[in-house]
Amino acid sequence: MPAPFDLLPLFGKGILVTLQLAAASAALAFVVSFVAGLSRLSKLRVLRWVTAGYVETFRGSSLLVQMFWFMYAFSILFEMRSMPPFLAGALAIGLNYGAYGSEIVRSAVKAVPKGQTEASVALNFTAFQRMRLVILPQAFRMMLPSFGNLLIELLKATSLASLITIGDMTYRANVINNTLYRTEEIYLILLLLYFVIAYPLLRLTRWYERNASAGRS
């Protein structure tokens, strides 16, 4: 295999860890986005305040610090065993991007024309039926471009997990570089690996967006 691609097999386990971390974090962020986003639209003031506190805290502080907090400070504060690095990384990334995602959900739901809600009320739909059958399907199409961008940003953010000893692609690149000192080639491969993983995600999001909008223009 020609240089620098002879180094590619050395990234094997790191690629798998990056994919696992991105998948776990994205799943958590997706769920949190909807729960927090809809909670901020609740009529219950306490629920809105609690959710706003979470969103502003995670959006207003560093993701790297949040990772260190879950990894080290959480166990000290609550006198528990240290959290496994993978769990700490997935929690920090998922909750951080879930906070951003909740704003996407909230703004998309609010962007659905009020006439849609009024029509469903006239049809005697319950609040749950209005949200499930009328509002969310329309809002979801509006969320897709922003969620696609958020997913790409989340993937890139997984590189920070190397700083809490998670053996992802970035961690592997640093280890290989400390051994072989082929810096340009190693980080060129790392750059290409992130692009190769991110590009299909972007295309998949655009494909789903086109299909969701088919026949509605």
Side-chain angles (χ1 to χ4, degrees), residues 21-80 83-118 120-121 125-158 160-161 164 201 205 208-209 212:
L21 183 60
S25 304
L28 176 61
F30 187 77
V31 172
V32 170
S33 294
F34 276 88
V35 172
L38 296 179
S39 295
R40 293 200 73 179
L41 298 171
S42 170
K43 294 179 180 178
L44 296 175
R45 186 176 298 177
V46 174
L47 186 57
R48 291 202 306 272
W49 285 353
V50 170
T51 311
Y54 150 70
V55 171
E56 298 308 325
T57 300
F58 274 85
R59 289 201 313 165
S61 56
S62 162
L63 173 57
L64 181 57
V65 174
Q66 291 161 18
M67 281 188 187
F68 281 124
W69 200 89
F70 278 110
M71 181 74 185
Y72 304 110
F74 192 83
S75 58
I76 297 172
L77 187 64
F78 295 101
E79 298 182 350
M80 299 168 59
M83 197 174 289
F86 186 91
L87 178 59
L91 276 176
I93 298 172
L95 290 174
N96 184 282
Y97 281 86
Y100 287 99
S102 70
E103 289 298 286
I104 296 172
V105 172
R106 186 171 71 97
S107 58
V109 169
K110 290 184 74 173
V112 174
K114 289 185 178 179
Q116 300 287 324
T117 304
E118 292 167 357
S120 57
V121 170
F125 281 12
T126 64
F128 178 73
Q129 287 175 322
R130 288 199 296 274
M131 184 60 71
R132 185 173 66 88
L133 299 174
V134 179
I135 298 173
L136 274 184
Q138 297 181 67
F140 191 66
R141 285 194 298 277
M142 290 186 266
M143 298 173 201
L144 283 175
S146 299
F147 267 135
N149 290 332
L150 197 69
L151 186 59
I152 303 300
E153 292 298 322
L154 183 149
L155 171 66
K156 292 187 287 187
T158 60
L160 291 175
I164 57 170
L201 293 176
T205 304
Y208 193 78
E209 185 184 346

TODO: Report yes or no: does Ser42 contribute a side-chain atom to a donor-acceptor pair with the main-chain N or O of Leu38 at less than 3.5 Å?
DONE: no
- [ ] Please report the closest heavy-atom contact between Ser33 and Val105, naming both atoms and the distance.
- [x] O-CG2, 3.7 Å
Open item on the list: I'd like to know whether Phe34 forms a side chain to side chain contact (heavy atoms under 4.5 Å, CB included) with Met143, so could you lay out the CA-CA distance, the side-chain angles of the two residues, the decisive distance to 0.1 Å, and finally the verdict.
Closed with: CA-CA 11 Å; Phe34 276 88; Met143 298 173 201; 3.7 Å; yes
Task: Straight-line distance of Leu144 CG to Asn149 CG, nearest 0.5 Å - done: 11.0 Å
Open item on the list: Is the shortest side-chain heavy-atom distance between Trp69 and Leu91 below 4.5 Å?
Closed with: no
Task: Least distance between heavy atoms, Leu28 atom then Ala90 atom - done: CD2-O, 3.8 Å
Task: Closest approach of Met142 to Ala108 (non-hydrogen atoms, all atoms of both residues) - done: CE-O, 3.6 Å
TODO: Taking all non-hydrogen atoms of both residues into account, name the closest pair between Thr51 and Leu47 and its distance.
DONE: OG1-O, 2.7 Å
Task: Of all pairs that satisfy side chain to side chain donor-acceptor pair (under 3.5 Å), the ones with a partner from residues 89-98, not counting sequence neighbours - done: Gln66-Asn96
Task: With Arg130 via side-chain hydrogen bond (donor to acceptor under 3.5 Å, both in side chains) - residues at least two apart - done: none
- [ ] Locate the shortest heavy-atom distance separating Glu103 from Arg40; write the atom from each residue and the value.
- [x] OE2-NH1, 2.7 Å
- [ ] Could you grab the distance from atom OG of Ser102 to atom OH of Tyr54, nearest 0.5 Å is fine?
- [x] 6.0 Å
- [ ] Identify the two heavy atoms, one from Arg59 and one from Ala99, that lie closest to each other, and give their separation to 0.1 Å.
- [x] CG-CB, 3.8 Å
Open item on the list: Could you check whether any side-chain heavy atom of Leu151 comes within less than 4.5 Å of a side-chain heavy atom of Leu155, counting everything from C-beta outward?
Closed with: no
Open item on the list: Ring-plane angle category for Phe140 and Phe30, please: parallel below 30°, perpendicular beyond 60°, tilted otherwise.
Closed with: perpendicular
Task: Rounded distance [0.5 Å steps], CD1 in Ile93 versus CG in Leu160 - done: 7.0 Å
Task: Side-chain touch Pro85/Met71, heavy atoms, less than 4.5 angstrom - done: yes
TODO: Could you tell me whether the side chain of Gln138 and the main chain of Val134 form a donor-acceptor pair under 3.5 Å?
DONE: yes
Task: Euclidean distance, Met83 CE relative to Met67 CE, rounded to 0.5 Å - done: 13.0 Å
Open item on the list: Nearest 0.5 angstrom please: Phe125 CZ to Met131 CE, how far?
Closed with: 14.0 Å
Task: Nearest-0.5 Å distance that lies between atom CG in Leu154 and atom OH in Tyr100 - done: 12.0 Å
